[in-house]
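Quick note on labels: first sequence line is chain A, next is B, and so on, each numbered from 1. Quick note: numbers below take in every heavy atom, side chains included, and nothing from hydrogens, waters or symmetry partners.
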Protein chains: 2
Amino acid sequence: MESSRPDLAALGEVYPRYLNAVVLHGLATAQALGMGPTDLYAMGALALEGRLTSGELAVRTGLTTGATTRLIDRLEQRGLVRRVLDPEDRRRVLVEAVESDGVDLDAALSPARRNLEAIFASFDPDQIAVLADYFARAAPAFRAAVEEIRKGE
Amino acid sequence: MESSRPDLAALGEVYPRYLNAVVLHGLATAQALGMGPTDLYAMGALALEGRLTSGELAVRTGLTTGATTRLIDRLEQRGLVRRVLDPEDRRRVLVEAVESDGVDLDAALSPARRNLEAIFASFDPDQIAVLADYFARAAPAFRAAVEEIRKGE
DNA sequence: GTTAATATCTGCATTGAAGCAGATAATGAA
DNA sequence: TTCATTATCTGCTTCAATGCAGATATTAAC
């Protein structure tokens with residue numbers, strides 16, 4: 001975050017703290033729910049994608065397929081997730097989030113959601129567009145960084 | 001992220017994916033370094049604060065003091081951290097990051113840093129100001145959410 | 001100076017996450 | 001059909017992270 005551009009220096013002040021807070025929030029949420037951070041991440045991925053195969057979950061989490069089976073077991077036992085056999089290829093198992101049951105998960109995430117909504121509401125449309133642009137580009141940037149990190153093992 | 005304001009709808013599309021990517025990045029980084037997510041978070045907190053007492057680390061991580069002692073042990077054994085007795089109160093142990101040693105940690109974080117710098121560089125000063133404002137306010141929002149989540153146990 | 005409170009550490013035990021290797025089942029190719 | 005490949009699961013084992021309760025050392029209060 002070091003830069004010769006003075007406007008970027010402002011980011012150097014606030015951005016690391018912001019990232020740290022996001023990470024902490026993820027950890028604390030997992031703690032509060034009594035699950036591991038990986039399990040919580042998997043739930044997030046499922047919420048975004050709707051359904052993922054066991055293998056896709058393994059790739060995303062960076063776990064072996066065996067460990068992923070156990071991860072799905074844990075989520076299933078909590079009623080957060082359901083296994084569905086893929087009709088296209090019956091070797092595959094589709095995992096999908098169970099909607100109405102995830103009350104505790106929603107509850108755990110709601111304080112952050114509420115606080116963030118208040119912040120977003122204070123920006124005007126042009127500013128929201130800037131933020132949305134940033135989020136849209138930062139997400140793949142982080143994912144690319146993950147791939148790069150994983151390659152270097 | 002539901003909202004009647006149409007400009008906020010754009011955030012609902014991108015923001016959850018963004019957060020998920022950030023969380024994934026934290027997990028993958030910890031995996032790559034062969035440490036737990038909590039340990040990595042602690043390193044981040046130390047990088048930001050310079051030094052923290054063992055007790056402060058316990059509060060931040062949400063661990064018991066005993067578990068925090070072990071966390072510090074792990075970081076110390078890796079040479080990432082140093083224990084310093086607080087001269088003001090010799091019961092306390094100050095923990096501080098060891099600078100030049102954390103090469104692997106820096107290396108693991110550098111892909112994300114590089115990618116993000118490229119993104120930030122594409123915004124003009126006004127836009128950077130918007131982003132900086134968001135980061136500055138979102139960080140305490142997340143921390144407040146963490147406290148709220150923890151209270152509800 | 002004695003007692004209480006605070007900060008950290010230690011021993012012990014538990015639990016859970018994960019890897020690995022082999023088993024099972026389904027698909028695809030020859 | 002037969003063989004190879006792919007996707008998931010299971011049994012077994014290991015290791016790390018954590019909690020808890022008690023020990024120690026330091027400070028603060030009376």
Side-chain angles (χ1 to χ4, degrees), chain A residues 23-24 26-43 45-46 49 51-78 80-96 150 153, chain B residues 23-24 26-43 45-46 49 51-78 80-96 150 153:
Chain A
V23 169
L24 172 62
L27 293 177
T29 304
Q31 276 178 348
L33 293 170
M35 60 170 75
T38 305
D39 293 33
L40 184 60
Y41 163 74
M43 285 306 302
L46 287 171
E49 307 302 334
R51 38 173 52 178
L52 290 169
T53 67
S54 177
E56 287 167 339
L57 263 177
V59 171
R60 293 205 181 213
T61 56
L63 298 177
T64 60
T65 59
T68 303
T69 294
R70 300 287 156 66
L71 180 148
I72 300 168
D73 289 345
R74 290 191 296 272
L75 299 179
E76 199 175 35
Q77 281 169 3
R78 288 184 170 242
L80 295 172
V81 132
R82 173 172 40 218
R83 276 181 165 97
V84 181
L85 286 174
D86 185 344
E88 312 266 302
D89 181 342
R90 300 208 310 267
R91 289 171 301 181
R92 283 197 279 237
V93 169
L94 295 171
V95 183
E96 59 184 30
R150 285 180 174 165
E153 299 314 277
Chain B
V23 169
L24 172 62
L27 293 177
T29 303
Q31 276 179 347
L33 293 170
M35 60 169 75
T38 305
D39 293 32
L40 185 60
Y41 164 74
M43 285 305 302
L46 287 170
E49 307 302 334
R51 38 172 51 177
L52 291 168
T53 67
S54 177
E56 287 167 337
L57 263 177
V59 172
R60 294 205 181 214
T61 56
L63 298 177
T64 60
T65 59
T68 302
T69 295
R70 301 287 156 68
L71 181 150
I72 299 168
D73 289 345
R74 291 192 296 271
L75 298 179
E76 199 176 37
Q77 281 170 2
R78 288 185 171 239
L80 295 172
V81 134
R82 173 172 39 219
R83 275 182 166 96
V84 181
L85 286 173
D86 186 343
E88 311 267 301
D89 181 342
R90 299 209 310 266
R91 290 171 301 181
R92 284 198 279 238
V93 169
L94 295 171
V95 183
E96 59 185 29
R150 284 179 174 165
E153 301 312 280

| said: From C-beta outward on A:Arg70, which listed nucleotide comes closest to its side chain: C:dA7, C:dT10, D:dT10? | reply: D:dT10

| Choosing from C:dT8, D:dC9, D:dT26, which nucleotide comes nearest the side chain of B:Asp89? | D:dT26

| said: Of the options D:dT18, C:dA17, D:dT8, whose atoms approach the side-chain atoms of B:Asp39 most closely? | reply: D:dT18

| remark: Exactly one of A:Thr68, A:Asp73, A:Ile72 clears side chain to side chain contact (heavy atoms under 4.5 Å, CB included) with A:Arg70, and that residue is A:Asp73

| said: Using a 4.0 Å heavy-atom cut-off, does A:Thr65 contact any base of the nucleic acid, only the sugar-phosphate backbone, or nothing at all? | reply: base

| remark: By nearest-heavy-atom nucleotide on DNA chain C, the more 5' of A:Glu88 and A:Leu63 is A:Leu63

| message | Let's see if you can work this out: which of D:dT26, D:dC20, C:dT8 has an atom nearest to the side-chain heavy atoms of B:Thr64? | response | D:dC20

| request: Answer with base, sugar-phosphate or nothing: what part of the nucleic acid does A:Thr69 contact at a heavy-atom distance below 4.0 Å? | output: base

| request: Could you tell me whether the side chain of A:Arg91 has a donor or acceptor atom within less than 3.5 Å of a complementary atom in the base of D:dT6? | output: yes

| When we call it a touch if two heavy atoms are under 4.0 Å apart, what does A:Thr38 touch: a base, just sugar-phosphate, or nothing? | sugar-phosphate

| Ignoring hydrogens and angles, are the base of C:dG28 and the side chain of A:Arg90 linked by a donor-acceptor pair under 3.5 Å? | no

| Checking all strands, does A:Arg74 fall into the base, sugar-phosphate, or nothing category for heavy-atom contacts under 4.0 angstrom? | sugar-phosphate

